[in-house]
Q: 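Below is a structure I'd like to ask you about.
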2 protein chains.
Amino acid sequence: MAITESSKARRKTRADSIRNRERLLAAAADVFGVGDGQASLEAVARKAGVGIGTLYRHFPTREALFEAAYRHEVDQLAALAEDLAAGSDPVDALRRWMQANVRLVATKRGMVETLQLAAYGSSELKAYSSERLLTAARQLVERGVAAGVIRGDIPAEDLLRALAGILYAQTAGDWQPAALRLIDVLVDGMRAR
Amino acid sequence: MAITESSKARRKTRADSIRNRERLLAAAADVFGVGDGQASLEAVARKAGVGIGTLYRHFPTREALFEAAYRHEVDQLAALAEDLAAGSDPVDALRRWMQANVRLVATKRGMVETLQLAAYGSSELKAYSSERLLTAARQLVERGVAAGVIRGDIPAEDLLRALAGILYAQTAGDWQPAALRLIDVLVDGMRAR
DNA sequence: GGTTATACGGAGGCACCCTCCGTTTAGCAA
DNA sequence: TTGCTAAACGGAGGGTGCCTCCGTATAACC
């Protein structure tokens with residue numbers, strides 16, 4: 001067996017470190033989300049309420065921060081789907097989840113702009129996110145179908161594609177309100193009749 | 001007649017102003033041409049040997065400088081075609097002119113990168129440059145055809161398109177030597193036989 | 001409670017952006 | 001030639017962002 005393997009038990013990660021990391025990810029999503037393509041790392045640190053040094057320790061490069069922030073948003077969306085699936089109205093749950101996707105796209109746009117179309121992130125990240133999002137969407141749709149309130153002839157894949165279409169077609173400065181309204185329409189159309 | 005028209009004779013533009021403007025344009029082409037996408041305006045001013053204030057007076061925005069630099073390169077290429085057309089060997093003239101285009105493309109690439117794909121320049125600039133370049137190319141080709149040393153079945157438009165293809169297909173870091181070699185091949189192929 | 005590995009934070013050094021204004025100089029007329 | 005002055009010069013200065021380094025603080029463990 002490998003003799004170079006760590007022999008001493010690592011100390012548990014400090015609680016403040018975990019907390020700060022979390023704060024930085026949330027702040028990054030916020031700052032990049034406004035999408036003015038002008039995201040400074042110092043602004044992220046300020047928003048997170050941590051020192052710039054802490055930001056750099058957690059995320060040594062700009063790219064590392066963006067990628068982590070994006071992944072974090074995806075994870076949150078997946079978790080949100082879990083939560084919503086436990087709630088009452090399946091249609092409402094679906095609507096809320098799809099609306100939450102707006103934030104994800106905002107973050108992603110910020111990433112793409114700031115990284116200057118550097119083929120956004122790794123393809124591993126792409127695979128990871130599409131898989132998680134599809135699972136989440138499927139979970140919400142299928143519950144509605146089972147309850148008889150959502151039509152069963154629309155695969156979750158198609159719904160996600162439609163969502164992507166709605167979100168990426170919007171290019172105007174204040175695109176989010178329009179996107180939210182369209183999502184409303186889309187989800188209403190998903191009701192079983 | 002318009003009463004608002006300037007009534008007092010304007011003083012002639014100062015010689016140093018003209019000289020500095022010229023220097024700035026040349027420096028801008030150099031700095032943007034290296035194409036690391038990292039062109040700082042201070043670097044341009046330094047290279048031109050003028051103060052940063054002078055740069056800003058001549059070109060109030062980044063875009064203004066880039067556009068002027070590009071236009072300047074186009075003008076120089078047109079002028080070069082005139083010069084070469086007066087020289088001896090038509091084939092050699094054509095080769096030299098096409099090789100000079102490499103620098104233009106380098107500048108343009110720097111522009112596109114630095115401006116972050118801001119739909120490079122005005123469409124007026126596009127029209128202007130393609131018209132001038134086409135005229136220049138046609139002049140060189142037709143002289144060779146008239147002298148019987150260049151084949152007459154290739155329109156200048158096609159030659160320019162081929163050149164563009166050669167130049168834009170190159171994406172590696174040190175693409176210019178390869179482009180120059182390919183231009184050599186292309187021009188040799190243009191000989192009448 | 002004491003020790004210590006970890007993490008924090010921000011000062012500091014550097015580069016760039018852009019503006020403002022005192023200084024210099026080229027053009028012009030006498 | 002000389003003097004006047006509009007025009008141009010240049011760089012200091014104030015602001016921001018990048019990233020590193022290291023003295024200080026503190027959570028984890030004994």
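In what follows, chains carry the letters A, B, and so on, assigned in the order in which the sequence lines appear, proteins first and then strands, with residues in each chain numbered from 1.
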Q: Can A:D89 and A:R143 be counted as an ion pair, charged N to O under 4.0 angstrom?
A: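 A salt bridge is absent here (no side-chain N lies under 4.0 Å from a carboxylate O).
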Q: Give me, pair by pair, the N or O atoms of the protein and of nucleotides 28-30 of chain C that are less than 3.5 Å apart, along with how far apart they are.
A:
{"residue": "C:dC28", "atom": "OP1", "partner": "B:K12", "partner atom": "N", "Å": "3.2"}

Q: Measure the CD-CG distance between A:Q76 and A:L80 for me, rounded to the nearest 0.5 Å.
A: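 Here the rounded value is 8.5 Å.
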Q: With a sphere of 6.0 Å drawn around CZ of A:R132, does it hold more than 12 non-hydrogen atoms of other residues, nucleotides or ligands?
A: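 Yes, the 6.0 Å shell around CZ holds more than 12 heavy atoms from other groups.
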Q: Nearest 0.5 angstrom please: A:M98 CE to A:L159 CG, how far?
A: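 Going from CE on A:M98 over to CG on A:L159, the span is 4.0 Å.
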Q: Within the structure provided, determine whether A:L84 and A:Q139 are in side-chain contact (heavy-atom separation under 4.5 Å).
A: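 A:L84 vs A:Q139: side chains apart.
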Q: Checking the side chain of A:N101 only, and the main-chain atoms of A:W97 only, is there a donor and an acceptor separated by less than 3.5 Å?
A: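 Yes, the answer is positive, given that a donor and an acceptor are paired below the 3.5 Å cut-off.
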Q: Give every pair of a protein N or O atom and an N or O atom of nucleotides 21-24 of chain C that lie under 3.5 Å apart, one pair per line with the distance.
A:
none

Q: Going from CG on B:L65 to CZ on B:F32, what distance comes out if it is rounded to the nearest 0.5 angstrom?
A: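 Spacing of CG (B:L65) from CZ (B:F32) equals 4.5 Å.
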Q: In whole Å, what is the span from the CZ atom of A:R19 to the C1' atom of C:dA7?
A: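 So the two atoms are 11 Å apart, to the nearest Å.
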Q: Of B:D16 and A:D16, whose nearest nucleotide on DNA chain D comes first from the 5' end?
A: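 Closer to the 5' end of DNA chain D: B:D16.
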Q: Quick one: are B:F59 and B:R21 in side-chain contact, heavy atoms under 4.5 Å?
A: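 Yes, at least one pair of side-chain atoms sits under 4.5 Å.
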Q: Using atom CD of B:E22 as one end and atom P of D:dC9 as the other, report the distance to the nearest whole Å.
A: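 One finds 13 Å between P of D:dC9 and CD of B:E22, rounded.
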Q: Starting at CG of A:L55 and ending at P of D:dC21, how long is that distance when rounded to a whole Å?
A: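 For the pair A:L55 CG and D:dC21 P, the rounded distance is 17 Å.
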Q: Whether A:N20 contacts C:dA7 is assessed here as follows: a side-chain N or O lying under 4.0 Å from the phosphate OP1 or OP2. Is that the case?
A: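 It does not, given that no N or O in the side chain of A:N20 lies less than 4.0 Å from OP1 or OP2 of C:dA7.
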Q: With 3.5 Å as the limit, what N/O pairs link the protein to nucleotides 16-18 of chain D?
A:
{"residue": "D:dC18", "atom": "OP1", "partner": "A:R62", "partner atom": "NH1", "Å": "3.0"}
{"residue": "D:dC18", "atom": "OP2", "partner": "A:L41", "partner atom": "N", "Å": "3.1"}
{"residue": "D:dC18", "atom": "OP2", "partner": "A:E42", "partner atom": "N", "Å": "3.4"}

Q: Please report the distance, rounded to the nearest Å, between CZ in B:F59 and C1' in D:dA8.
A: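 It is 14 Å, rounded to the nearest whole Å.
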Q: For C:dA7, does OP1 or OP2 lie under 4.0 Å from any side-chain N or O of A:H58?
A: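 Answer is no, no contact under 4.0 Å.
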Q: State plainly whether the residues A:R96 and A:D92 are in salt-bridge range, i.e. N to O under 4.0 Å.
A: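 Yes.
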Q: Less than 4.0 Å between a side-chain N and a carboxylate O, is that true for A:R161 and A:E157?
A: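 Between A:R161 and A:E157 there is no salt bridge, as every charged N stays at least 4.0 Å from the carboxylate O atoms.
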Q: If we only count heavy atoms from C-beta on, is the A:W175 to A:V102 side-chain gap below 4.5 Å?
A: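 When only atoms from C-beta onward are counted, A:V102 and A:W175 do touch, with a gap below 4.5 Å.
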Q: Kindly say if B:T54 contacts the phosphate of D:dG10, meaning a side-chain N or O under 4.0 Å from OP1 or OP2.
A: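 Yes, because at least one side-chain N or O of B:T54 sits under 4.0 Å from OP1 or OP2 of D:dG10.
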